[in-house]
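Note that this is a predicted model, so its numbers are computed, not measured.
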Amino acid sequence: MSATERSHHGPVHQPDVVEAAGYPPGRGVAKRAYDPRLSNEDLDPLPEQTWSTYNIFAFWMSDVHSVGGYVTAGALFALGLTSWQVFVALIVGIVIVQVFCNLVAKPSQVAAVPYPVISRASFGVLGANIPAIIRGLIAVAWYGVQTFLAAGSLTIVILKLFPGLTEYATDAWSFAGLSLVGYVSFAILWVTQALVFWRGMDAIRRFIDFCGPAVYVAMIVLCGYMLVRADFDISFSLSDRDLSTTQQVTAMLGAIALVVSYFSGPMLNFGDFSRYGRSFEAVKRGNFLGLPVNFVVFSLLVVLTASATIPVFGELITDPVHTVQAIDTYTAVLLGGLTFVVATVGINIVANFISPAFDFSNVAPQKISWRMGGMIAAVGSVLLTPWNWYSNDEAIFWTLGILGALIGPLFGILIADYYLVRHQQVDVDELYTLEPDGEYYYRKGYNPAAVAAVAVAGVLSVLSVVVPKLSGHLTWLPDYSWFLGCGLGLVAYLVAARVTDVAGHAARNRAALAQAPAEV
């Protein structure tokens, strides 16, 4: 039975057919046993999907309401745009993100499986480790960065509470690039995140249900305070550059691309969360409330607060932690700092902890559980010492810049396969078999069409980032690397899939399995 059919008709029970090993009861009838090399309780289809519209909405609130999201939005002013142009760019960008998230959400929600498992349909049951490892490595690096950024906010709070520790936050008390107080802050947040993660997805759901609204309260209070301090006399023309109409349009397009690129990681593996949705409609409603609706309010708060920093402090401040620090009152630094710490922890868990947990578990399901996969990511993030390389633009470019250029092709291949090649038909049971006649076994577990597509699109996407960096020409091109990679990945896969007859292979396997006698 296909995932689409199961979604429409509900569970099927036939007493003369044995449920597959590891297959949760009530989700359908398995055609053959799940291979342990592809299956564990974390990767198998969920027996029950319980997340409501609010849970998806809260997920996006946690993802959006972070220091990184605030700074990214504020950084758009540096492009020479006015406040209203920044606001428009933010909204257009987030609507694009919403559309793409709905596309990537459906296959995982219908099949109730995480991103690396649904990728087996396009890349092959073993080839799915290619996108899983790429996404997992990106998440590990960003997990360390976000923990480091949150630790910076916590350090500000600690020094406000215990000013006598200031000496231990200096270079005189530093080791391997980080101060003693910095290590303490990093360790506190590292352990806190690990504890929340270790308690499982239900605990994570409750945590993000709290984080999003809590940060909203702090941002509204901060915005109101800044507006009062500015006597509501603020200017929305924050740019000191006089751009022509063509330059304004170009800058706005670049800003829109930046918004989409910022969310490209969580967007690719959004299936890790949509699989928990009660229905695809609930997920779509959550995406609508959490992305365009939520982002309108978030963007207004960012624009208003940033605009108010000029009359209040005499300079444009686009980092909320620095804004709180500039207020320099005990209550503001304490509550504001802690709130933005919580916000960053929220986005870190949902964007950079859960993804590698599933991705690394997919590599060796019987040896690496979901929890172990997450801890591998957590330990790896420390070994990277993010406090050293995050401030190094060259290091960021040659690691996250290059890896990030591969997210677009992976997204394009997933969408092309599910919607244009398979027409939304995925046989869930076949995602868990290594039998040579399995629908997603292809050639030794790898789909040549997907491997070729990611190689071609990946190389061109990476070149679109590297060439401008090295040559100094086409400096605008890296802003659009995600779109370029996504389009190239989609087209390259469609061409390769036609050459290798992926659709015909799938149809023949479905017909053969339909005619085969059931195992009893």
Side-chain angles (χ1 to χ4, degrees), residues 1-10 23-24 27-28 38-39 42-47 49 51 56 59 97-125 127-132 135 264-287 354-355 358-359 362 407-433 438-440 442 447 449-450 453-454 486 489-490 493-494 497 502-503 505-507 509-510:
M1 172 172 283
S2 72
T4 302
E5 289 169 336
R6 181 177 293 116
S7 170
H8 290 169
H9 300 295
Y23 197 86
R27 282 294 298 174
L38 299 173
S39 170
D42 303 310
L43 298 175
D44 290 350
L46 294 171
Q49 296 163 290
W51 283 28
I56 300 296
F59 161 82
V97 171
Q98 179 203 4
V99 172
F100 286 142
C101 280
N102 285 342
L103 289 175
V104 82
K106 189 170 186 179
S108 284
Q109 192 285 320
V110 171
V113 298
Y115 166 70
V117 173
I118 203 64
S119 292
R120 295 173 185 175
S122 54
F123 276 87
V125 288
N129 286 323
I130 296 173
R135 177 65 183 104
S264 62
M267 192 162 61
L268 177 64
N269 69 287
F270 181 56
D272 291 341
F273 301 92
S274 67
R275 71 181 297 220
Y276 294 95
R278 291 175 181 172
S279 66
F280 181 53
E281 292 302 318
V283 173
K284 286 197 299 182
R285 287 193 299 270
N287 285 347
I354 292 174
S355 171
F358 283 121
D359 293 335
N362 189 72
I407 291 182
L410 296 178
F411 189 95
I413 291 169
L414 175 65
I415 298 304
D417 182 75
Y418 182 72
Y419 289 96
L420 303 178
V421 174
R422 302 188 186 281
H423 304 291
Q424 304 182 47
Q425 295 289 322
V426 173
D427 192 312
V428 178
D429 301 323
E430 291 294 287
L431 297 171
Y432 296 88
T433 180
E439 183 171 342
Y440 310 117
Y442 300 107
N447 180 5
V454 77
C486 180
L490 186 146
Y493 182 77
L494 288 179
V502 170
H505 168 80
N509 273 279
R510 282 196 296 269

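Using modelled atom types, one side-chain atom of Q49 and one backbone atom of Q109 make a donor-acceptor pair closer than 3.5 Å. Using modelled atom types, one side-chain atom of Y419 and one backbone atom of L103 make a donor-acceptor pair closer than 3.5 Å. Panel note: side chain R135, backbone G265; a donor-acceptor pair is recorded below 3.5 Å. Between the side chain of R275 and the backbone N or O of P45, no donor-acceptor pair lies under 3.5 Å. Looking only at distances, no side-chain donor or acceptor of Y440 sits under 3.5 Å from a matching main-chain atom of V426. Judged by distance alone, with hydrogens and angles left aside, the side-chain atoms of S122 form a donor-acceptor pair with the main-chain N or O of S119 at under 3.5 Å.
With sequence neighbours excluded, no residue forms a side chain to side chain donor-acceptor pair (under 3.5 Å) with S108. Among residues two or more places apart in sequence or in another chain, the side chain to side chain donor-acceptor pair (under 3.5 Å) test is passed with D272 by N269. Considering only residues two or more places apart in sequence or on other chains, A453 meets the side-chain contact (heavy atoms from CB on, under 4.5 Å) condition with I413, A492, Y493. By the side chain to side chain donor-acceptor pair (under 3.5 Å) test, Y115 pairs with no residue at all, sequence neighbours left out. In this structure N102 satisfies the side chain to side chain donor-acceptor pair (under 3.5 Å) test together with N287, sequence neighbours excluded. Evaluation of the ring-ring contact (aromatic ring centres under 6.0 Å, His included) rule for Y442 yields H505 as partners, not counting sequence neighbours.
The closest side-chain heavy-atom distance from Y432 to V113 is below 4.5 Å. Taking 4.5 Å as the limit, every side-chain heavy atom of F123 sits out of range of all side-chain heavy atoms of D417. Looking only at side-chain heavy atoms (C-beta outward), L38 and L431 stay at 4.5 Å or farther from each other. In this structure the side chain of L490 reaches within 4.5 angstrom of the side chain of L420, judged on heavy atoms. The side-chain heavy atoms of V125 and T433, taken from C-beta on, include no pair separated by under 4.5 Å.
Note: F270 and F59 meet the aromatic proximity criterion, with ring centroids under 6.0 Å apart.
Residue L268 holds its CG atom at 7.5 Å from CG of L414, rounded to the nearest 0.5 Å. A distance of 9.0 Å separates NZ of K284 from OG of S279, quoted to the nearest 0.5 Å.
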Review point. Taking it one step at a time, do R278 and W51 satisfy side chain to side chain contact (heavy atoms under 4.5 Å, CB included)?
Key: CA-CA 6 Å; R278 291 175 181 172; W51 283 28; 5.7 Å; no

Point to revise | From CA spacing to verdict: side chain to side chain contact (heavy atoms under 4.5 Å, CB included), V283, F273 | key: CA-CA 9 Å; V283 173; F273 301 92; over 6 Å; no

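The nearest pair of heavy atoms linking N447 to V502 is OD1-CG2, 3.9 Å.
Note on R120 versus E439: no salt bridge recorded, every NZ/NE/NH1/NH2 to OD/OE distance being 4.0 Å or above.
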